[in-house]
Every structure is written in structure tokens, then in C-alpha cells.
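The structure appears right after this line, and notes come after that.
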Amino acid sequence: MTVTLIWLIAFAVILFLALRAWDGSLRQAVIRRIPAILQLGGDDRWVWSIALAVLGATFIVNPVSMLLTLILLALIFWIAKRVGCWLMRRVKLH
């Protein structure tokens with residue numbers, strides 16, 4: 001129960017701060033980093049603020065699990081990239 005309460009408080013604080021910072025530098029950072037296909041137009045503010053709040057609150061409550069998940073995802077991406085490059089070299093495109 002305590003962990004849930006801490007997560008909800010952290011979520012609310014981060015969501016509030018993200019929504020306030022959206023008109024400043026946060027919108028520009030999201031637009032620079034996110035591909036055009038993932039940008040929703042006018043609804044970007046709520047979608048990305050909620051996503052950042054969920055990630056931030058989870059990182060505050062379980063930092064070790066979050067770091068291990070990020071390391072695992074990076075490792076999977078790196079292996080998939082290497083295997084994909086190797087396969088593309090092996091395939092003869094005519």
C-alpha cells in the first residue's frame with residue numbers, strides 16, 4: 001500500500017511538472033527526439049506527459065528494476081542490430 005501511495009504521489013508531481021514544462025523546453029525536446037510518425041499533433045502534450053510521469057514514478061519506486069530493464073532492452077536491441085546487419089550481408093540482393 002505504501003509503495004502504491006508513493007508511486008501515485010510521484011506520478012502526480014511528475015505529471016504536473018511535465019505539463020507545466022511542455023510549453024517551454026519539453027515540447028522541443030520531444031519533437032527533436034521522436035520521429036514524425038509518432039508525433040500526434042495537438043495531443044502530444046498529454047500523451048508524452050503521462051508517459052514520462054509513468055516512467056518517472058516507476059523509476060522512483062523501483063530504480064534497480066528499471067535500470068535492469070533498460071539495460072536488458074539495450075542489450076536486446078544491440079544483439080538484434082548486429083544479427084540484422086550480419087543477415088543483410090549474407091543475403092544477396094539482386
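Start at 1 with the first residue, then count along the sequence. When reading the values below, keep in mind they use all heavy atoms of this one structure, side chains included, and skip hydrogens, waters and symmetry mates.
Between Phe11 and Ala57, the shortest heavy-atom contact is N-CB, 3.7 Å.
Note that CG of Leu52 is 11.5 Å distant from CG of Leu17, once rounded to the nearest 0.5 Å. Here Ser65 contributes atom OG and Leu72 contributes atom CG; the two are 12.0 Å apart, rounded to the nearest 0.5 Å. A distance of 10.5 Å separates CG in Asn62 from CG in Leu67, rounded to the nearest 0.5 Å. Expressed to the nearest 0.5 Å, how far CG of Leu19 lies from OG of Ser49 amounts to 4.0 Å.
In terms of modelled atom types and a separation under 3.5 Å, the side chain of Arg32 and the main chain of Gln28 share a donor-acceptor contact.
Hydrophobic clustering of Ile, Leu, Val, Met, Phe, Trp and Tyr side chains at less than 4.5 Å, counting indirect connections, unites Leu8 with Val61.
Annotation: side chain to side chain donor-acceptor pair (under 3.5 Å) contacts of Thr58 (sequence neighbours excluded): Trp7.
The side chain to side chain contact (heavy atoms under 4.5 Å, CB included) with Ile6 is formed by just one residue from the set Ile9, Thr2, Val3; it is Thr2.
Looking at Arg45 and Asp23, their side chains come closer than 4.5 Å, going by heavy atoms from C-beta outward. Residues Leu55 and Met66 have side chains in contact (heavy-atom distance under 4.5 Å, counting atoms from C-beta outward). Within the 4.5 Å cutoff, no side-chain heavy atoms of Leu26 are placed close to those of Trp48. The side-chain heavy atoms of Arg82 and Trp86, taken from C-beta on, include no pair separated by under 4.5 Å.
Residue pairs meeting the ring-ring contact (aromatic ring centres under 6.0 Å, His included) criterion with at least one member in residues 58-82: none, sequence neighbours excluded.
The hydrophobic cluster containing Ile60, built from Ile/Leu/Val/Met/Phe/Trp/Tyr side-chain heavy atoms closer than 4.5 Å, also comprises Ile14.
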